Amino acid sequence: MFDGFQNETFQMRAILFCTINDFPTYGNLSGYSVKGHCACPICEEDTSYIQLKHGRKIVYTRHRHFLKPHHPYCGLKIAFNGSQEHENALVPLTGEQVFQRVQHMNTIYEKIQKMDKSKACIWKKRSILFDLPYWADLDVRHCIDVMHVEKNVCDSVIGTLLNIQGKTKDGLNTRQDLVEMGILASLHPRSDGKKIYLPPACHTLSIKEKINFYQCLRWVKVPQGYSSNIKSLVHLKDLKL
Ligand SMILES: [Zn+2]
């Protein structure tokens with residue numbers, strides 16, 4: 001490199017400090033499988049999950065123990081899944097421990113037949129980043145880009161609040177899964193023989209409240225350059241975003 005101030009060349013040394021990416025990319029970069037029953041890279045085989053019968057999704061549970069010890073949420077039952085969580089959270093693996101899991105891995109880059117589960121392992125490959133001599137010594141090698149998470153969570157919250165078809169996380173399947181899990185009895189679907197009725201939840205908005213929400217969003221004021229023109233995205237007439 002050339003130093004214009006000193007008017008001389010010098011040898012610059014650089015370090016790849018950490019990567020910033022979304023969760024699927026975390027899987028590609030680290031070599032951990034981020035899908036399926038063991039998708040939590042901290043809990044690994046002990047990842048707590050439920051396969052929803054009606055919603056059909058895998059949901060990952062028992063993560064309240066990652067909160068600070070004695071956090072009030074750990075003792076709550078009804079607000080969550082009907083049980084308390086007081087066990088200690090697992091400690092994330094060090095770079096050295098990850099390296100020990102993957103160092104002898106002989107990765108064959110081809111599609112593994114779905115039936116052959118014996119070959120499947122939660123660590124998929126030895127990340128090429130371990131070629132860097134210091135990579136295993138880093139405490140934090142990968143960071144999740146918060147923007148992706150915020151955007152997805154925001155989409156889901158707004159979709160559920162406004163009950164937007166295709167976006168809401170509430171619905172008959174969700175309520176039937178509550179029945180299956182035996183929690184939140186007040187939200188279980190009820191039937192009068194002809195129609196199935198979903199009791200309103202604490203987040204259900206009336207039409208009037210929805211109009212208020214849309215109006216607030218339409219006239220919201222933000223600093224210049226902060227976001228796109230929200231006004232143009234809100235259709236008050238047909239209550240659409
Ligand atoms: Zn976990």
Side-chain angles (χ1 to χ4, degrees), residues 18-28 34-35 39-40 50 52-61 63-64 66-68 71-74 76-82 142-181 183-192 194-241:
C18 69
T19 70
I20 305 177
N21 40 261
D22 64 358
F23 196 56
T25 311
Y26 167 78
N28 291 333
V34 291
K35 291 174 193 162
C40 174
I50 300 173
L52 293 181
K53 196 175 165 191
H54 301 277
R56 298 241 174 140
K57 284 194 172 179
I58 303 171
V59 290
Y60 302 98
T61 52
H63 280 99
R64 265 179 283 159
F66 282 103
L67 295 166
K68 280 181 193 163
H71 191 284
Y73 282 3
C74 298
L76 294 182
K77 283 185 181 177
I78 298 168
F80 292 93
N81 59 352
H142 306 285
C143 299
I144 300 296
D145 184 354
V146 204
M147 188 193 73
H148 286 274
V149 182
E150 284 175 337
K151 192 253 171 201
N152 292 338
V153 170
C154 181
D155 270 358
S156 299
V157 169
I158 291 199
T160 304
L161 277 178
L162 299 175
N163 199 19
I164 300 169
Q165 285 299 316
K167 295 257 178 78
T168 177
K169 299 291 174 191
D170 193 9
L172 183 58
N173 285 338
T174 318
R175 302 294 181 99
Q176 280 173 331
D177 282 321
L178 290 182
V179 178
E180 205 72 36
M181 293 162 76
I183 54 171
L184 297 169
S186 60
L187 297 179
H188 290 180
R190 280 161 219 166
S191 168
D192 62 357
K194 291 175 195 165
K195 274 187 172 177
I196 295 172
Y197 166 74
L198 303 181
C202 60
H203 58 77
T204 309
L205 299 180
S206 66
I207 293 284
K208 206 178 161 192
E209 285 167 328
K210 274 189 195 174
I211 292 172
N212 275 339
F213 183 88
Y214 279 102
Q215 267 169 347
C216 171
L217 206 56
R218 187 180 159 89
W219 298 111
V220 75
K221 285 194 167 68
V222 293
Q224 197 175 21
Y226 182 81
S227 68
S228 60
N229 185 6
I230 294 177
K231 202 172 162 183
S232 67
L233 303 174
V234 182
H235 299 279
L236 267 180
K237 243 187 182 177
D238 21 83
L239 293 183
K240 265 185 175 175
L241 279 182

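Because the structure is a prediction, the values reported are computed rather than measured.
Annotation: side chain of D145 is not in contact with side chain of D22 (no heavy-atom distance under 4.5 Å). Residues Y214 and L162 are in side-chain contact: their nearest non-hydrogen atoms beyond the backbone lie under 4.5 Å apart. L241 has its side chain within reach of V234: a pair of non-hydrogen atoms, C-beta onward, lies under 4.5 Å apart. The side-chain heavy atoms of T160 and T168, taken from C-beta on, include a pair separated by under 4.5 Å.
The line from OG of S232 to CD1 of I230 is 9.0 Å long, rounded to the nearest 0.5 Å. Atoms CG and CD1, on L217 and I158 in that order, are 6.5 Å from each other to the nearest 0.5 Å. Within the model, atoms CD1 of I211 and CG of L205 stand 11.5 Å from one another, a figure rounded to the nearest 0.5 Å. With rounding to the nearest 0.5 angstrom, the CD1 atom of I164 is 10.5 Å from the OG atom of S156. R218 contributes atom CZ, which lies 10.5 Å from atom CG of L233 (distance to the nearest 0.5 angstrom). In this structure, CG in L187 is found 8.0 Å from OG1 in T204, a value given to the nearest 0.5 Å.
Around OH of Y73, the count of heavy atoms belonging to other residues, nucleotides or ligands within 6.0 Å does not exceed 12. Atom CD1 of I20 has 12 or fewer neighbouring heavy atoms from other residues, nucleotides or ligands inside a 6.0 Å radius. Heavy-atom neighbours of K210 NZ from other residues, nucleotides or ligands within 6.0 Å: above the threshold of 12.
Among residues two or more places apart in sequence or in another chain, the side chain to side chain contact (heavy atoms under 4.5 Å, CB included) test is passed with V153 by V149, V157.
Across all non-hydrogen atoms, the minimal contact from H203 to L161 is O-CD2, 3.6 Å. Across all their heavy atoms, A185 and R190 have their closest contact at O-NH2, 4.4 Å. Nearest heavy-atom pair across I183 and N81 is CG2-O, 3.5 Å. Residue D192 comes nearest to K195 through the heavy atom pair OD1-N, 2.8 Å, listed as atom of the first residue, atom of the second, then distance. When all heavy atoms of A39 and F23 are compared, the pair lying nearest together is O-CZ, 3.5 Å. Looking at every heavy atom in both residues, C143 comes nearest to C18 through SG-SG, 3.8 Å.
Residue pairs meeting the salt bridge (Lys or Arg N to Asp or Glu O under 4.0 Å) criterion with at least one member in residues 155-168, sequence neighbours excluded, are K151-D155.
Put simply, the side chain of H63 gets close to the backbone of T61: a donor and an acceptor are under 3.5 Å apart. Side-chain atoms of R64 do not come within 3.5 Å of backbone N or O of F80 as any donor-acceptor pair.
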**OP:** Take I196 and R175 through the side chain to side chain contact (heavy atoms under 4.5 Å, CB included) test and state the conclusion after the steps.
**Re:** CA-CA 11 Å; I196 295 172; R175 302 294 181 99; over 6 Å; no
